[in-house]
Amino acid sequence: MIRSAGIILLAVGTAGAAFAQGAGKPDLADGRQHFEQSCGVCHTKPLVTSGRFGPALSKASLGGQADVMAEVIGNGIPLRMPGFRHQLSQEQIRAVVAYIQTLDPPPPEDAKPTARTSGERRDDN
Ligand code: HEC
């Protein structure tokens, strides 16, 4: 009896900690996972030889302003980038922004998009 009461207390304690975390700092691991799943296709270059459709993102993007970044992620950029407000919760967007703000800016020549956009002709594939 005493033993099971201990287990219940432990369970309640863990739930309390998880709640406190949700309300406090954004979850960087969660942000990284969403970034890789939803943004990596356009914003990262998995191989040296791959193209990248969007600019590299870092703590310097959009002047490092978290609220502006969250707005761009939620609403997207017409014809260029989809908005994510239906796929990601505010909490998840906050986590993605927090993750981006841990990334150092790349050297300027590496930051630009490298893939050709759909309007251009591609002769090599
Ligand atoms: C379909 C490709 C695509 C996806 C997916 C995408 N983006 Fe973008 N994003 C772009 C492009 C292209 C631009 C540049 C638009 C421009 O400058 O006209 C951009 C711009 C941005 C900017 C502004 C950068 C700057 O320096 O001006 C931020 C911040 C950003 N994206 C964040 C994200 C995040 C976070 C995700 C994932 C949740 C994401 N994007 C998913 C294509 C994409």
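All ligand and atom numbering here is 1-based and tracks the order in the structure. Along the sequence shown, the residues carry numbers beginning at 1.
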What protein heavy atom sits nearest atom 5 (C) of ligand 1, and how far off is it? Ser38 O, 3.3 Å
I'd like to check which ligand 1 atoms, numbered from 1 as shown, lie under 4.0 Å from a non-hydrogen atom of Leu62. 23 (C), 25 (C), 26 (O), 27 (O), 29 (C)
Test side-chain contact (heavy atoms from CB on, under 4.5 Å) on Asp27 and Arg94 and set out the steps. CA-CA 9 Å; Asp27 184 339; Arg94 238 161 52 86; over 6 Å; no
Closest to atom 41 (C) of ligand 1 among protein heavy atoms sits Phe84 CE1, 3.4 Å
Is a side-chain donor or acceptor of Gln37 paired with a backbone partner of His34 at a separation under 3.5 angstrom? no
Test side-chain contact (heavy atoms from CB on, under 4.5 Å) on His43 and Glu36 and set out the steps. CA-CA 9 Å; His43 284 288; Glu36 284 169 0; over 6 Å; no
Tell me, please, which residues at least two apart from Glu71 pass salt bridge (charged side-chain N to carboxylate O under 4.0 Å, His left out). none
Side chain, backbone, both or neither: which part of Pro82 comes within less than 4.0 Å of ligand 1 when only heavy atoms are counted? side chain
Could you tell me if Arg80 sits above the aromatic ring of Phe53, with its cationic atom closer than 6.0 Å to the ring centre and no more than 45 degrees from the axis? yes
Neighbouring protein N, O or S atoms of atom 8 (Fe) of ligand 1, below 2.8 Å: 2
At less than 4.0 angstrom from any non-hydrogen atom of Met69, what atoms of ligand 1 do you find? 29 (C)
Do Val68 and Leu88 sit in the same hydrophobic cluster, where Ile, Leu, Val, Met, Phe, Trp and Tyr count as joined when their side-chain heavy atoms come under 4.5 Å apart? yes
Pull out every atom of ligand 1 sitting under 4.0 Å from any heavy atom of Ile100, numbered as shown with elements. 35 (C)
Within a distance of under 4.0 Å, is there any protein heavy atom near atom 17 (O) of ligand 1? no
Under 4.0 Å from one or more heavy atoms of Phe53, ligand 1 contributes atoms 2 (C), 12 (C)
Polar side-chain atom of Gln92 near backbone of Ser89 as donor-acceptor pair, under 3.5 Å: yes
Short question: side chain of Thr44, backbone of Pro46 - any donor-acceptor pair under 3.5 Å? no
Taking only heavy atoms of Val96, which atoms of ligand 1 are found under 4.0 Å from at least one of them? 35 (C)
Can you name the one residue among Ile73, Leu28, Leu57, Asp30 that meets side chain to side chain contact (heavy atoms under 4.5 Å, CB included) with Phe35? Leu57
Please test Asn75 against Phe84 for side-chain contact (heavy atoms from CB on, under 4.5 Å), starting from the C-alpha separation and ending with a verdict. CA-CA 7 Å; Asn75 295 328; Phe84 286 86; over 6 Å; no
Taking non-hydrogen atoms only, is Ile93 closer than 4.0 angstrom to ligand 1 via side chain, backbone, both or neither? neither
Just do the side-chain contact (heavy atoms from CB on, under 4.5 Å) check on Lys59 and Ile100 with the steps written out, would you? CA-CA 6 Å; Lys59 60 176 74 148; Ile100 292 171; over 6 Å; no
